[in-house]
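This chain uses plain numbering: 1 for the first residue, then up along the sequence.
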Amino acid sequence: MTGHPEDGPHMRQLLGAYVLDALTAAEAHTVARHLQSCDRCAADYVAVAEAAALLPLLSEEDLLE
């Protein structure tokens, strides 16, 4: 990553795994550091976390529709 988050790589592709605690410790650390300095990815993280929080509310029937 660079000093300017807009110029560096973004972490969007890892956010789902990050929210579900499915990354290695090193990957999670990298994502966490990036989220501290990148408003765009931080906003995406909030959206992914909110969506993940709703998953337990779905029933099997909901998924089949």
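- Interatomic distance, OG1 of Thr30 versus CE of Met11, reported as 6.5 Å (0.5 Å rounding).
- Under the rule for a side-chain contact (heavy atoms from CB on, under 4.5 Å), the partners of Leu23 that lie at least two apart in sequence or sit in another chain are Leu14, Ala17, Tyr18, Glu27, Ala28, Val31.
- Looking at Cys41 and His34, their side chains come closer than 4.5 Å, going by heavy atoms from C-beta outward.
- Leu20 and Val48 are assigned to two separate hydrophobic clusters, defined by single-linkage of ILVMFWY side chains at heavy-atom distances under 4.5 Å.
- For the salt bridge (Lys or Arg N to Asp or Glu O under 4.0 Å) condition, the pairs that include at least one residue of residues 43-53, sequence neighbours left out, are Arg12-Asp44.
- Residues Val19 and Ala52 come closest through the heavy atom pair CG1-CB, 3.5 Å.
- Atoms CG and CG, on Leu57 and Asp62 in that order, are 9.5 Å from each other to the nearest 0.5 Å.
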